[in-house]
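Below is one structure; the comments refer to it alone.
Fair warning: this is a prediction, and the values are worked out from it, not measured in the lab. Only this structure's heavy atoms are used, side chains among them; waters, hydrogens and symmetry mates stay out. Reminder, nothing fancy here: chain letters follow the sequence lines and each chain counts from 1.
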Protein chains: 2
Amino acid sequence: MIERYLIHYFLAVMDQGNFSRAAQQCRISQPTLSVGIAKLESLVGHMLFQRTNRRVELTTHGATFALHARRIEAEFAKATLAMAVDQKRTLIRLGLVSTLPALWIESATREASIAEGEKLEIVEGRMSELAPRLERGRLDVVIGIVNGDVDDERLLFEEPYSLALSDNHPLATRSSVDPQEIADADMIVRRSCEALSDVSRFFTQRGVRPSFSARTFNDDRAVVFVRAGLGMTVMPRCFRQPGIAMPELSGFHMRRKIGMLIDPVTAGRVKDSQSLKFFAETLRSAATTG
Amino acid sequence: MIERYLIHYFLAVMDQGNFSRAAQQCRISQPTLSVGIAKLESLVGHMLFQRTNRRVELTTHGATFALHARRIEAEFAKATLAMAVDQKRTLIRLGLVSTLPALWIESATREASIAEGEKLEIVEGRMSELAPRLERGRLDVVIGIVNGDVDDERLLFEEPYSLALSDNHPLATRSSVDPQEIADADMIVRRSCEALSDVSRFFTQRGVRPSFSARTFNDDRAVVFVRAGLGMTVMPRCFRQPGIAMPELSGFHMRRKIGMLIDPVTAGRVKDSQSLKFFAETLRSAATTG
DNA sequence: GCATTTGATAGATGTCATCTATGATAGAGC
DNA sequence: GCTCTATCATAGATGACATCTATCAAATGC
């Protein structure tokens with residue numbers, strides 16, 4: 001049976017005149033589209049496209065099928081439109097980089113839930129997982145690390161990485177600490193940290209080889225370790241909280257920007273979302289007041 | 001995205017007014033249809049059916065959607081029809097019970113391949129595997145064991161089960177052998193035999209407990225063993241061939257009918273198939289001339 | 001000749017439609 | 001009441017297949 005997704009593939013190739021671009025339009029890989037068209041051709045029993053190396057054009061059978069394909073797609077569109085009235089809730093699928101403090105996420109989530117008739121679906125993960133999901137339309141928006149220039153609306157905050165240590169540590173009152181001063185200290189490794197490799201390079205380039213007292217993927221757990229005096233670590237400023245001192249690590253100037261990455265396809269829906277707005281604003285204000 | 005199969009499910013429920021019957025119409029299980037309708041409802045954002053215990057009826061949203069669903073399905077049908085012209089080859093998916101002799105299958109396949117513009121796709125297996133495949137439309141026709149009354153057109157041949165032994169065995173010249181006479185003989189077990197349990201019951205009820213010299217799923221291999229004098233076995237008469245004697249096993253009157261089981265949905269297409277006709281006739285004549 | 005762009009192929013992976021088995025509910029018959 | 005039957009829903013396992021990440025092969029442009 002000819003499924004709708006094959007109709008989609010077919011129309012995309014017609015639109016773009018090219019398999020690779022059609023695949024992009026459908027947000028699938030080129031080989032997937034290739035076998036999809038092959039399957040469609042086997043289902044209808046005819047070649048639909050004449051592939052020359054420079055361009056793709058319809059066969060006569062393809063032209064016939066094109067008429068029907070357009071009508072089918074139009075009928076689906078009409079049906080969807082007809083059912084779109086009285087829609088109760090809009091779903092926003094939000095990707096969230098895992099290197100944000102639990103407390104902030106907690107209050108942001110609570111604020112977001114105020115919005116009526118909307119539903120937030122949150123996926124946590126590293127940027128390297130979230131970015132392709134956004135790319136393929138599995139997420140509507142990602143709140144995480146953004147690089148390069150970002151307009152103010154989408155940038156939530158920018159922050160440095162600092163040293164984090166228990167506030168009864170001798171160095172806790174200092175505003176800045178030299179790497180050599182902590183050569184003998186125990187360090188805690190935040191394994192999900194996006195700056196992990198930069199931090200370790202920073203220390204090794206200065207001849208400092210700290211010993212490690214803990215390794216964790218959970219940043220809030222790392223904070224607990226620090227507060228308990230198990231060791232110190234380097235983490236984004238946003239993790240500052242009672243019991244933790246965060247002096248500058250002199251010479252380490254890396255910063256990160258936290259912002260929103262929005263899927264262009266669903267951008268309209270996302271822009272209107274009250275819950276996302278509440279969520280973002282809570283993070284933004286936490287960063288400025290903290 | 002609403003896929004076509006969901007439209008199908010929806011229309012089937014409308015047609016039948018009942019999930020279970022709709023599932024039968026779609027040749028899927030009832031739970032599959034249940035979650036399918038649930039998925040469709042979540043996609044369109046509305047309940048489509050009002051389920052009471054005794055009957056299923058459309059909601060107002062469902063009624064609206066029904067109009068569109070019919071149109072969509074109609075467009076697909078038109079498209080399929082438009083592409084059906086100039087169809088080159090028709091595919092017949094043939095299930096073949098594995099307890100038929102390789103030689104017969106070989107010549108039948110060769111004869112079938114004469115038919116132009118048709119393609120035969122053969123799946124071998126036990127009846128217990130083939131029957132559900134036919135049931136679910138994965139096969140167009142099954143050639144295998146048929147029970148009960150079958151019209152002459154679909155019945156290919158009927159045959160008894162006989163003892164099979166090497167033709168230089170002392171008993172080879174006999175027309176009939178008593179079970180007690182072979183109490184000491186080595187037997188070969190044809191593990192895929194549909195009569196296996198009947199055969200072993202037949203022997204045990206007569207107090208005969210033969211020893212086994214071979215066990216195989218491959219009937220032609222069993223023939224090779226028999227011819228080599230490794231032992232004897234009970235098999236359908238159609239396996240008779242040079243080097244093998246097949247005296248009757250007195251008291252064992254079981255017979256089997258080999259015939260065609262045809263999927264009612266694709267019956268029209270199957271009836272017209274030349275290759276299937278050649279295939280069937282070759283088997284039928286092999287049975288009468290052999 | 002070399003880099004680029006095209007679509008096709010192969011093998012691995014993940015998603016999800018499908019299955020079987022079971023539960024929950026309601027009416028029918030006694 | 002009680003069972004029996006018919007209904008649709010749920011849970012977990014399975015399998016099919018759409019999709020991915022490699023690649024390759026062929027043609028074009030420089």
Side-chain angles (χ1 to χ4, degrees), chain A residues 1-10 12-14 16-43 47-59 62 93 121 123 125 128-129 131-139, chain B residues 1-10 12-14 16-43 47-59 62 93 121 123 125 128-129 131-139:
Chain A
M1 194 167 65
I2 301 173
E3 284 294 334
R4 186 190 183 181
Y5 74 97
L6 294 175
I7 302 289
H8 248 124
Y9 292 178
F10 176 83
V13 174
M14 281 193 61
Q16 303 288 343
N18 170 312
F19 276 45
S20 310
R21 277 197 302 276
Q24 286 182 325
Q25 178 180 315
C26 297
R27 306 174 141 223
I28 54 170
S29 68
Q30 171 266 315
T32 301
L33 188 121
S34 226
V35 309
I37 295 293
K39 169 158 193 180
L40 182 62
E41 289 178 325
S42 110
L43 281 171
M47 276 243 157
L48 296 174
F49 294 106
Q50 195 59 255
R51 288 87 148 166
T52 72
N53 256 52
R54 275 297 120 181
R55 66 184 168 285
V56 168
E57 44 195 31
L58 286 170
T59 62
R93 295 162 304 170
E121 194 175 282
V123 178
S128 56
E129 303 164 39
R133 287 206 194 198
L134 186 72
E135 192 76 23
R136 287 180 198 145
R138 302 272 219 273
L139 292 173
Chain B
M1 194 167 65
I2 301 173
E3 284 294 335
R4 186 192 182 182
Y5 74 97
L6 294 176
I7 302 289
H8 249 122
Y9 293 177
F10 176 82
V13 174
M14 282 193 60
Q16 304 288 344
N18 170 312
F19 278 44
S20 310
R21 277 196 302 276
Q24 286 182 326
Q25 179 179 316
C26 297
R27 307 177 139 218
I28 54 171
S29 68
Q30 171 267 314
T32 301
L33 188 120
S34 224
V35 308
I37 295 295
K39 170 158 194 182
L40 182 61
E41 289 177 325
S42 109
L43 281 171
M47 276 239 160
L48 297 173
F49 294 106
Q50 195 60 253
R51 287 88 148 164
T52 73
N53 252 52
R54 280 292 123 183
R55 66 185 166 284
V56 167
E57 43 194 32
L58 286 170
T59 62
R93 296 161 303 170
E121 195 173 282
V123 178
S128 57
E129 303 165 37
R133 288 208 193 198
L134 186 72
E135 192 75 22
R136 287 182 198 146
R138 301 273 218 273
L139 292 172

Position toward the 5' end of DNA chain D (nearest nucleotide), R136(A) or F19(B):
F19(B)

Distance in angstrom units between Y5(A) OH and dA17(C) P, rounded
12 Å

Nucleotide dT7(D), atom C1' - distance to CD of Q50(B) in whole Å
15 Å

Send over the distance from Q30(B) CD to dT10(D) P, rounded to a whole Å.
11 Å

With a 4.5 Å heavy-atom cut-off, do I37(B) and L48(B) have their side chains touching?
no

Look at the aromatic rings of F49(B) and F19(B) and report parallel, tilted or perpendicular, splitting at 30° and 60°.
perpendicular

Given dC8(D), is OP1 or OP2 found less than 4.0 Å from the side-chain N or O atoms of S34(B)?
no

Flag side-chain contact, heavy atom, 4.5 Å: H8(A) against M1(B):
yes

For dT6(C), does either OP1 or OP2 sit under 4.0 Å from a side-chain N or O belonging to R55(A)?
no

Counting only side-chain heavy atoms from C-beta out, which of dT6(C), dA22(D), dT10(D) sits nearest to P31(A)?
dA22(D)

For T32(B) and V35(A), find the nucleotide of DNA chain D closest to each by heavy atoms; which residue's nucleotide sits nearer the 5' end?
T32(B)

Give the rounded distance in Å between these two atoms: CD1 of I2(A) and C1' of dA18(D).
17 Å

Separation of E3(A) atom CD from dT15(C) atom P, in whole Å?
20 Å

Please assess R51(B) against E41(B) for the test salt bridge (charged side-chain N to carboxylate O under 4.0 Å, His left out), listing each intermediate value before the final yes or no.
CA-CA 13 Å; R51(B) 287 88 148 164; E41(B) 289 177 325; 2.8 Å; yes

Side-chain N or O of S20(B) less than 4.0 angstrom from OP1 or OP2 on dC8(D)?
yes

Considering only heavy atoms from C-beta outward, does the side chain of L58(B) approach that of F10(B) to under 4.5 Å?
yes

note: R133(A), atom CZ; dT15(C), atom P; distance rounded to Å ~ 8 Å

For the pair made of NZ in K39(B) and P in dT15(C), what is the distance, rounded to whole Å?
13 Å

In whole angstroms, the gap separating C1' of dA6(D) from CZ of R51(B) amounts to 17 Å

